[in-house]
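In this text, all values refer to a predicted model and were calculated from it rather than measured experimentally. Throughout, a chain's letter reflects where its sequence line sits, starting with A, and its residues are numbered from 1.
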Amino acid sequence: VENVRLLDRLSSRKATLGTLYLTATHVIFVENGSETRKETWVLHSQISSIEKQATTATGCPLLIRCKNFQVIQLVIPQERDCHDVYISLIRLARPVKYEELYCFSFNPKLDKEEREQGWKLVDLNEEYNRMGVPNNYWQISDVNRDYGVCDSYPTEMYVPKSATAHIIVGSSKFRSRRRFPALSYYCKDNNASICRSSQPLSGFSARCLEDEQMLQAIRKANPGSDFLYVVDTRPKLNAMANRAAGKGYENEDNYSNIKFQFIGIENIHVMRNSLQKMLEVCELKSPSMSDFLWGLENSGWLKHIKAIMDAGIFIAKAVAEEGVSVLVHCSDGWDRTAQVCSVASLLLDPYYRTMKGFMVLIEKDWVSFGHKFNHRYGNLDGDPKEISPVIDQFIECVWQLMEQFPCAFEFNERFLIHIQHHIYSCQFGNFLCNSQKERRELKIQERTYSLWAHLWKNRADYLNPLYRPDHSQTQGTLRPRMAPCNFLYKFWSGMYNRFEKGLHPRQSVTDYLMAVKEETQQLEEELEVLRERLANLQKSQLNDNKVKTTQQDRSKQFGLSTSNNSLANTPQEYSSDLKSFPSRSPSQGDEEDSALILTQDNLKSSDPDLSANSDQESGVEDLSCRSPSGGGCLPSEDSGKDSDEAVFLA
Amino acid sequence: MEFSELIKTATVESVVLSCAGLPAVKGTLCITSHQLLHSSCPGGDAQPGTGTVELWLLIRNVDAVEKRLAGSSGTITLRCKDLKVLQLEIPGMEECLNIASSIEALSSVDSVMMMYPFFYRPQSLKLEEGWHLFPLEQYFQQIASQVSREGRHPVMLRSSQPLMGPNRKRCREDEMLLGTVLDEEDRGFIIDTRSAQAAKQARMTGGGTEPKSSYPQWKRLHRPLERLVTALAQVILDPSCRTLVGFQGLLEREWIEAGHPFHLRCSRSAYSHARLKQEAPLFLLFLDCVWQLSRQFPFSLEFSERLLLTLFDNAYASVYGTFLCNNEKERCLCKVKENTHSLWAWLNQPGERKKYLNPLYSHNALVIWPSVEPQSIQLWQGLFFRWVRSSQYLDEAWTEIQRLAEGNEPSVKESAGKRLSQSLSAPAARTENER
């Protein structure tokens, strides 16, 4: 559709005129007449709602809200066209079969071997070995090998050595959806562990010997402690209500040596509404400070984030300081339980604060244990009441921790934002379906690509320049304090107002420091090479005075190609000088033009969807010239296309 | 008045000093005319190996004194203007009451010439230094030469309200003065920072607004802004106001010489029970706005958060004369420039100056338009949580930033990294100069 206007949320006067294209996978808006050919790409799978508004004199407005918090306001001249676009999008945004999702057509031009390698990047067997299991207390169990015991669990998981198959199966029959207690994290320093399960089917009085034995086995696998915490992450009232339905929580009298604890995290419905309210606040047109603060407070969002964090802190403390094992559950054990176990692991183990470790953590606590990605994030058309921002909340917890411990994480904010984006994008196969069983049936690994390999390939984009493996914040357990004045929970505008570029700092400290760091490193390497050469030169001068002149000539030539030669030797295996220069835009085809870009507007990513329109306000332009080398820099374009994206046919 | 009359008890032994986030220490408490000193007994209850720990507190910094008696001892809570809160456990009821009333009396001394800047004589500085760094004439000469070189520029003027009164008086000279600013076809804005209603009411007391009929080239706007906007606008517009020295010049010009009544506005702060009508944290609001700018444009200000904190502290309680009195006339009468040291002289010493620089700074010739959407406005943790919680992790991050930005310059790294935690844990270091 031609002559479509794209409105700017912050100022309605700043509309751009262009052409709207619908493809099989994307909505694309291409601005008219601009030399840089500015484009906005939105994946159909990102669309959460489409709203057709009343026709005005200027045309028919169409509002598209996205799951990555982008809001697109279009005005289409003809009502008829608008209706057609609307009807098409309704269908395109709600696929009914997995095969319709983008990952099945997405082709990053990797061969079979590369794809397989990509899927091997995160290996949970390796991860459990790293934790220190199997050992005298824990062993792998294949009781679920054909998903015969629990269809939402993985085929293999760790259980206490003393828990026989009989005990496991017995316990599973006494747990919602047969999600029996299994190991989530093992602390090899003190044998304390975090296990996870669903709620027991205790009703008002029911008992299960095997389940009691199972908990005892977990306690005994930690010989240093004489009791076990059982943490029910639900509000007490919710748990009690479940008893009437034959579910509920553990009775301390029936289990030997447990300490039972409620931690009131609200359910998915409360969280969904809370996010909805917060997003309404984000969408307000020029709100006053109190509109915003009251709206934020009334949404309850940060209160929920704090509840999840507090639960994680409680468990991390129990494990690290008391040396006591913890069994965590909620109702089904796949939402709050996943949040809390992963926050606790992140606090306990510095490995999960590295880029690779964080990928492993999500695979371990979310993907493998059957977090229902498809239902929660609405990948396929389904029950809207199943949708809830569960993993978004976990990702925000990580961001809140990053704000408090700026040197503790190897990755930066952009890494979190891109993971959130791809949980909804369905561009990669990692988060498809609701369980491992479904993914295996669909042969995901043979038919789609892994996000982790993609992020890993571009890891330079995601590094936190303040991270050093030898820094004190990188060591051991993170100990955030729980009092509000000690841990300030902040609104994350980088996520929820991500596409309102005007709201964000106009200069990125992260990118600048990363560039400085890389340049320093290169200069040091170059210096080293030059030193070596100088030494060689001096040696040859001593050895051979006759060819002195020729040598000098040659060294001159050599000098000209210094950078190429030196860089070929770096561990990064940079192939050319230009490529290795701190460019933040690996996605851009033309590497030479992609000079150092430091403004928030121009944060480059390998995802075209992530680059939005830049606004050229004053105070920003000059910043693209903020190169530490003072080298020639060009203002960037936001139209950088991933070569992967061959879909746009216009 | 003699200070000695106000000091009822000068010294008390075995006083336990506590402050959020730090272990309590027992020591001797002394009160002098301007300072409160707490010195822990060497080898006593203080942490072994740390030697003497001293706290020096300018009594002018005390905003509110609260005392609570329990049995034969008492606790005094000192709430300071820089938002620090200290507790003193004092053995002996009488001593407690005496100390409390001495601090109250000393902190309420209102006579400018009795204040510490008139007594403070650091060896490293000369009295006359720093007072004539920013001559106003020079600033206007610069502007004049720019105008003659590049033609007429938009200008920003400031004034008080016209004295129009209920009878709508006019003033020919005032109308002419405003007329000279604009060419014939030019238009200008008069920004009245009061609401239209408030401006109208001011007529009853002899004030008012410029009527359109008398000032035809001017369009009047009522914007609920405070006077601090003039200075803030310059930081946004003019890169020369964003350097360390330029910012000092701006404060001199727009706040100090323009007669912001610092003495009235900053004599008390957030904790005081006095609720003075003239007290208002306008200067703090301005500093907070500049801090917000520094968050949105982290490379564009030459100075760091630390300068803003230092300015805040000194505006409320200082050993320097820079923020004393309400206007130039009072400063002349009190001979502030002759008898006190200038804060700028101290800040601009090479060793000191370094601590206030932003390692990420790079000259930015453009206007820095900030976002004023609520999502972009942040709580200034560095100020409001300064004494409440440890900033260790954020300080470490700052050290890392400096290390990366400046290469490995150990001296700078050392001094900046521990900026806040150090001043908290070793108050003696902080007030070294004051002694």
Side-chain angles (χ1 to χ4, degrees), chain A residues 10 281-282 284 286-293 295-296 403-408 465-468 471-473 478 480-481 483 485-488 490-494 496-497 500-509 512-514 516-517 520 598 600 617-623 625-626 628, chain B residues 20-21 83 224 235-237 239 242 292-301 358-382 384-408 417:
Chain A
L10 291 181
V281 176
C282 294
L284 288 178
S286 44
S288 72
M289 202 71 204
S290 50
D291 289 342
F292 178 74
L293 291 176
L296 183 61
E403 286 291 293
Q404 302 294 319
F405 298 91
C407 306
L466 303 182
Y467 178 85
R468 269 192 290 137
H471 195 280
S472 63
Q473 284 183 35
L478 281 190
R481 292 188 206 140
C485 66
N486 284 316
F487 195 140
L488 183 77
K490 294 192 274 193
F491 171 73
W492 188 6
S493 64
Y496 304 106
N497 281 116
E500 323 282 348
K501 298 298 178 194
L503 295 183
H504 306 306
R506 309 305 173 86
Q507 304 171 322
S508 161
V509 174
Y512 172 66
L513 291 178
M514 235 18 252
V516 169
K517 216 171 161 174
T520 309
L598 296 157
Q600 185 88 12
E617 297 219 29
S618 52
V620 176
E621 289 162 83
D622 68 315
L623 305 169
C625 301
R626 180 93 165 89
Chain B
L83 310 183
V235 180
I236 293 169
L237 293 171
R242 302 180 211 138
Q292 302 289 345
L293 274 177
S294 78
R295 303 298 285 188
Q296 296 192 24
F297 295 91
F299 308 149
S300 297
L301 302 184
N358 169 13
L360 301 173
Y361 174 69
S362 156
H363 176 78
N364 176 0
L366 297 172
V367 174
I368 51 171
W369 296 118
S371 160
V372 291
E373 295 284 317
Q375 289 95 322
S376 310
I377 307 296
Q378 300 185 22
L379 178 71
W380 187 2
Q381 290 187 60
F384 293 104
F385 288 167
R386 180 161 47 148
W387 311 107
V388 179
R389 66 165 184 188
S390 158
S391 56
Q392 181 198 339
Y393 304 119
L394 303 181
D395 291 348
E396 284 170 0
W398 181 249
T399 309
E400 255 336 87
I401 290 175
Q402 287 206 310
R403 195 181 66 86
L404 289 172
E406 297 176 353
N408 297 308

Legend entry - Which portion of Ile401(B) sits near chain A, non-hydrogen atoms under 4.5 angstrom: both

Inset, instruction - Using only heavy-atom distances, determine whether the side chains of Gln392(B) and Glu396(B) contain a donor-acceptor pair under 3.5 Å. - result: yes

Legend entry - chain A interface, residue from Pro370(B), Ala397(B), Ala405(B) that has the most non-hydrogen pairs under 4.5 Å: Ala397(B)

Legend entry - Under 4.5 Å from any heavy atom of chain B - which part of Thr520(A): neither

Inset, instruction - Can you measure from CD (Gln378(B)) to OG (Ser493(A)) and round to the nearest 0.5 angstrom? - result: 7.5 Å

Legend entry - Interatomic distance, Ser472(A) atom OG to Tyr393(B) atom OH [nearest 0.5 angstrom]: 8.0 Å

Inset, instruction - Evaluate the side chain to side chain contact (heavy atoms under 4.5 Å, CB included) criterion for residues Arg242(B) and Asn364(B): first the C-alpha distance (whole Å), next the side-chain angles of each, then the deciding distance (0.1 Å), finally the verdict. - result: CA-CA 9 Å; Arg242(B) 302 180 211 138; Asn364(B) 176 0; 4.2 Å; yes

Inset, instruction - Pick whichever of Ser288(A), Pro465(A), Pro287(A), Ser290(A) has the most heavy-atom pairs under 4.5 Å with chain B. - result: Pro287(A)

